[in-house]
Amino acid sequence: MTKPPLTLYLAAPRGFCAGVDRAIKIVELAIEKWGAPVFVRHEIVHNKFVVDGLRAKGAVFVEELEDCPTDRPVIFSAHGVPKSVPAAAEARQMVYVDATCPLVSKVHIEAARHHERGLQMIMIGHAGHPETMGTMGQLPEGEVLLVETEADVANVTPRDPEKLAFITQTTLSVDDTIGIVAALKARFPAIVGPHKEDICYATTNRQEAVKAMAPKCDAMLVIGAPNSSNSRRLVEVGRTAGCAYSQLVQRADDIDWRALEGITSIGITAGASAPEVLVNEVIDAFRARFDVTEEMVETAVENVEFKVPRVLREPA
Ligand code: 2E7
Ligand code: F3S
């Protein structure tokens, strides 16, 4: 039987960012240095395939520091942790390595600087997300107020509207955030903040590529996990940019082939925590069912790399 023709658009950049690369390397090097088990507080990045792979090498994933024995090393995930977490690890005299992405640490430092100057913070982010909890947890209770949407801006009640700064999660929708920042500036003209927001290069670039790709596609698949903020934003960006059938899939098994019957084009991208093997698995699944012509939609070239902490570059 002849296969139907399909143009498969592949977004670039897609997949692993520099912070994810570094975080995974930190876990691997820690296991090499100290042997198994090495404990990891929270999924090192939000991807089951990555987590299962590291578990097989000797990592043990827990949600709270209290779930770790004090005589084994613990690694903090790429999303960052509240200040209380390293403080508790020190109090217990534990060996710990912080795999927080340097671009998240930069926001933590920004927040501390504003606080020292007596400013209260408004964080634009998603409630309950580990990055938001980690960033808000850099300052004492009440010093960081959370807004999730433009509508929230009308209801926020700062101590002094003249003494305010804003910070953001790094994986937000660039376009949604423009609206929220504008609403903050309109209500609090004295608010200070970064030039635009704190969304990272990887988030921005992956969303740009999707915006260029989505209008060409009958359907779009984002490879990523349901708890991956940046991946979920890519699905939303795809829908807004003109591809109504944009879906999140963890891997090829998740693809709803009946929903894709009759398409002649598909767009594929991957969130910052999704490994390229899963992209290849999805492409192979399309090749098995369609006569595929691949086309790259490249909107940026990335060459960002972050060093692993010194303790892991030294011999044991
Ligand atoms: C850390 C940070 O693990 P992810 O899916 O995390 P998100 O924040 O998107 O849920 O992706 C990698 C990553 C992104 N941002 C890790 Cl702060
Ligand atoms: Fe860092 Fe951005 Fe990746 S904050 S972990 S470079 S998605």
Side-chain angles (χ1 to χ4, degrees), residues 11 13-27 40-54 59 61 63 75-82 85 97-111 123-138 148 167-174 176-177 194 196-210 222-237 248-251 269-276 278-279 300 302-309:
R14 66 173 174 281
F16 279 9
C17 60
V20 165
D21 251 334
R22 172 179 181 268
I24 294 171
K25 228 174 263 164
I26 286 175
V27 179
V40 184
R41 185 191 176 277
H42 192 69
E43 288 189 338
I44 186 73
V45 299
H46 291 147
N47 189 274
K48 182 173 159 25
F49 188 89
V50 170
V51 166
D52 287 347
L54 291 173
F61 292 86
E63 275 314 307
I75 293 164
F76 306 147
S77 85
H79 315 93
V81 286
V85 173
V97 184
D98 189 352
T100 302
C101 175
L103 299 180
V104 175
S105 302
K106 197 177 127 204
V107 181
H108 292 181
I109 292 164
E110 226 172 68
M123 177 165 190
I124 308 173
H126 297 287
H129 187 280
E131 180 185 350
T132 300
M133 296 197 289
T135 300
M136 292 181 76
Q138 296 305 303
E148 297 190 80
I167 48 176
T168 79
Q169 205 176 326
T170 57
T171 55
L172 302 176
S173 149
V174 172
D176 292 352
T177 307
K196 283 187 182 162
E197 18 64 5
D198 299 306
I199 299 172
C200 73
Y201 81 95
T203 298
T204 307
N205 289 346
R206 279 151 195 68
Q207 289 179 13
E208 275 304 307
V210 163
V222 177
I223 299 158
N227 59 341
S228 169
S229 164
N230 80 89
S231 307
R232 286 171 54 182
R233 301 296 83 79
L234 292 177
V235 174
E236 294 166 2
V237 169
L248 190 68
V249 294
Q250 304 213 49
R251 59 189 308 165
T269 189
S273 44
E276 190 66 8
L278 297 180
V279 175
E302 292 178 346
N303 47 24
V304 182
E305 252 185 76
F306 296 132
K307 274 190 186 165
V308 299

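Ligands are counted one by one from 1 in listed order, and the atoms in each one are counted from 1 as well. Sequence positions, counted from 1, serve as the residue numbers for this chain.
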Nearest heavy-atom approach of Phe49 to Arg251 is CD1-NH1, 3.6 Å

Test side chain to side chain contact (heavy atoms under 4.5 Å, CB included), reference Met123, set Val107, Thr135, Asp198, Thr168, output is Thr135

Answer yes if the side chains of Glu131 and Thr170 hold a donor-acceptor pair under 3.5 Å, and no otherwise.
yes

Heavy-atom contacts with Ala78 under 4.0 Å: which atoms of ligand 1 show up? List them by number with element.
1 (C), 16 (C), 17 (Cl)

What do the steps show when you test Val27 against Val40 for side chain to side chain contact (heavy atoms under 4.5 Å, CB included), and what is the final call?
CA-CA 8 Å; Val27 179; Val40 184; 4.2 Å; yes

Is a side-chain N or O of Arg22 found less than 3.5 angstrom from the main chain of Ala18, in a donor-acceptor match?
no

Which of the ligand 1 atoms, numbered from 1, are nearer than 4.0 Å to a heavy atom of Val104:
17 (Cl)

Which label fits His79 and His46: parallel for a plane angle under 30°, tilted from 30 to 60°, or perpendicular past 60°?
parallel

Proximal atoms of ligand 1 relative to Val20 (non-hydrogen, under 4.0 Å)
12 (C)

How about atom 1 (Fe) of ligand 2, which protein N, O or S atoms come within less than 2.8 Å?
Cys101 SG

Backbone or side chain, does any N or O of His46 fall under 3.5 Å from an N or O of ligand 1?
yes

Contact with ligand 1 for Asn227, non-hydrogen, under 4.0 angstrom:
yes

Greater than 12 external heavy atoms within 6.0 Å of Arg232's CZ
no

Glu43/Lys48 ion pair, N-O < 4.0 Å
no

Side-chain donor-acceptor contact under 3.5 Å, Glu63 with His42:
yes

Protein heavy atom at shortest distance from atom 4 (P) of ligand 1:
Ser273 OG, 3.4 Å

Tell me whether Ser228 has any N or O atom under 3.5 angstrom from an N or O of ligand 1.
yes

Ion pair Glu302/Arg14, N-O distance below 4.0 Å:
no

For His79, the ligand 1 atoms whose distance to one of its heavy atoms is below 4.0 Å
1 (C), 2 (C), 3 (O), 4 (P), 6 (O), 8 (O), 16 (C), 17 (Cl)

Counting distance only, does the side-chain N/O of Asn230 pair as donor-acceptor with the main-chain N or O of Ala272 below 3.5 Å?
yes

Taking only heavy atoms of Val45 into account, list the atoms of ligand 1 that are under 4.0 Å away from them.
3 (O)

Side chains of Glu197 and Thr177, donor plus acceptor under 3.5 Å
no

Sub-4.0 Å heavy-atom contact, His129 with ligand 1:
yes

Can you sort out which atoms of ligand 1 are near Thr171, meaning under 4.0 Å from one of its heavy atoms?
8 (O), 9 (O), 14 (C), 15 (N)

How far is atom 11 (O) of ligand 1 from its nearest protein heavy atom, and which residue and atom is that?
Asn230 ND2, 3.0 Å

Part of Ser229 within contact of ligand 1 (heavy atoms, under 4.0 Å)
both

Within the side chain of Gln169, is there an N or O that forms a donor-acceptor pair under 3.5 Å with the backbone of His126?
yes

Say whether Glu131, considering both its backbone and side-chain N or O atoms, lies within less than 3.5 Å of an N or O atom on ligand 1.
no

